[in-house]
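Residue numbers count from 1 along this sequence. Order of listing sets the numbers, starting from 1, for every ligand and every atom in it.
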Amino acid sequence: MKRVALLISGGGSNMLRLVQDMTGDHPARPVLVASNDPGAAGLARAAALGIPTAAVDHRAFPRDRAGFEAALIEPLLAAEPDIICLAGFMRILTPAFVTRFAGRMLNIHPSLLPKYPGLDTHARALAAGDAEAGATVHLVTPELDAGPILGQARVPVLPGDTPAMLAARVLVQEHRLYPAVLRRFAAGDRTPVTLC
Ligand code: GAR
């Protein structure tokens, strides 16, 4: 059984979907939900499900990314995860941190990578006049949002879409995509998942 730690920054809806899926014959179980924000709503949701939680407030480490990561890695290593899922984790991790978990850290990003790494993905897709948008799950490598792709889900861009409307439509697919990818990945299968 693979041990999965999940890193979140906000509501944690993707984290919840992953946790809900990790039951029965699933090859993994959640062992920790950690956040850079002690107020992240997802922490309380995870705790209510009986999952151990940890918070390391990044604001306590101004201009000290290495210090923040040294604090974050403590509960993470204590949980002995085989896999780390970034699920709406909004801090950029240093190459040193990423390299430590090379090949076993996943991220979900709300665009069809390699399009639109970084922030404001939906506004950028709309501004470009794209006909479709979507989400990508990928392995985390030192270069931002550029690791090997493990799965993608696509949605149409509709007339009159705002970034918020598009984000909501993509999020529905994120909730299908990430659990499908994690199931496959935890079973040792890295064949990309394609949803449409
Ligand atoms: C999701 O849309 C996820 O793709 C995005 O943040 C949202 C978190 O929602 N992640 C990123 O933008 C990472 N760069 P959630 O907290 O409800 O899962």
Side-chain angles (χ1 to χ4, degrees), residues 4-22 30 32-49 51 53-58 65 68-69 72 83-95 97-98 101 105-127 130 132-155 157 161-182 185 192-193 195:
V4 178
L6 304 106
L7 300 188
I8 64 169
S9 294
S13 69
N14 276 290
M15 174 276 295
L16 273 183
R17 294 304 299 254
L18 291 171
V19 164
Q20 285 163 355
D21 200 44
M22 280 187 262
L32 176 72
V33 174
S35 179
N36 61 295
D37 180 357
L43 284 178
R45 291 181 172 148
L49 293 171
I51 302 166
T53 62
V56 176
D57 192 341
H58 69 277
R65 210 172 278 273
F68 164 67
E69 291 183 354
L72 180 64
I83 299 170
I84 297 174
C85 288
L86 308 184
F89 185 69
M90 301 305 285
R91 306 301 297 173
I92 290 176
L93 295 166
T94 65
F97 189 96
V98 168
F101 300 105
M105 191 186 293
L106 279 54
N107 179 46
I108 188 157
H109 182 75
S111 80
L112 293 172
L113 291 172
K115 278 190 162 184
Y116 316 128
L119 299 174
D120 301 324
T121 54
H122 304 299
R124 288 155 71 196
L126 291 176
D130 291 354
E132 61 176 7
T136 303
V137 177
H138 64 94
L139 275 169
V140 178
T141 56
E143 193 185 344
L144 183 68
D145 298 330
I149 289 174
L150 297 173
Q152 287 190 313
R154 319 178 95 82
V155 304
V157 174
D161 262 351
T162 63
M165 290 161 67
L166 187 53
R169 193 176 314 117
V170 169
L171 189 63
V172 171
Q173 297 307 315
E174 293 185 40
H175 293 164
R176 296 175 61 217
L177 176 66
Y178 212 171
V181 171
L182 180 61
F185 187 82
V193 173
L195 299 183

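- Of the residues Val193, Val4, Leu106, the one that meets the side-chain contact (heavy atoms from CB on, under 4.5 Å) test with Phe185 is Leu106.
- Below 4.0 Å from some heavy atom of Gly88 lie the following atoms of ligand 1, by number and element: 6 (O), 8 (C), 10 (N).
- Considering Leu182, Leu139, Ile108 as possible partners of Leu150, the one that fulfils the side-chain contact (heavy atoms from CB on, under 4.5 Å) test is Leu139.
- Shown here for Leu7 and Ile84, the closest heavy-atom pair between the two residues is CG-CG2, 4.2 Å.
- For the side chain to side chain donor-acceptor pair (under 3.5 Å) with Gln173, the qualifying choice from Arg176, His175, Arg169 is Arg176, the only one to do so.
- At least one heavy atom of Gly11 sits closer than 4.0 Å to an atom of ligand 1.
- Checking Asp130, Thr136, Thr121 one by one against Tyr116, the side chain to side chain donor-acceptor pair (under 3.5 Å) holds for a single residue, Asp130.
- Scanning all heavy atoms of the two residues, the minimum distance from Leu6 to Leu18 falls at CD2-CD1, 3.6 Å.
- At the top of the distance list for atom 12 (O) of ligand 1, counting protein heavy atoms only, stands Pro110 CD, 3.4 Å.
- The distance criterion of under 3.5 Å between nitrogen or oxygen atoms is not met by Met90 with respect to ligand 1.
- For Ile108, the heavy-atom gap to ligand 1 drops under 4.0 angstrom.
- Backbone and side-chain nitrogen or oxygen atoms of Ser13 are examined, and one is located within less than 3.5 angstrom of a nitrogen or oxygen of ligand 1.
- Pro117 approaches Arg124 most closely through the heavy-atom pair O-NH1, 2.7 Å.
- Interface atoms of ligand 1 facing Glu174, defined by a heavy-atom separation under 4.0 Å, are 1 (C), 2 (O), 3 (C), 4 (O).
- Gly12 N, 2.9 Å is the protein heavy atom nearest to atom 16 (O) of ligand 1.
- In this structure, atom 9 (O) of ligand 1 lies nearest to the protein heavy atom Asn14 ND2, 4.1 Å.
- Less than 4.0 angstrom separates some heavy atom of His109 from each of these atoms of ligand 1: 14 (N).
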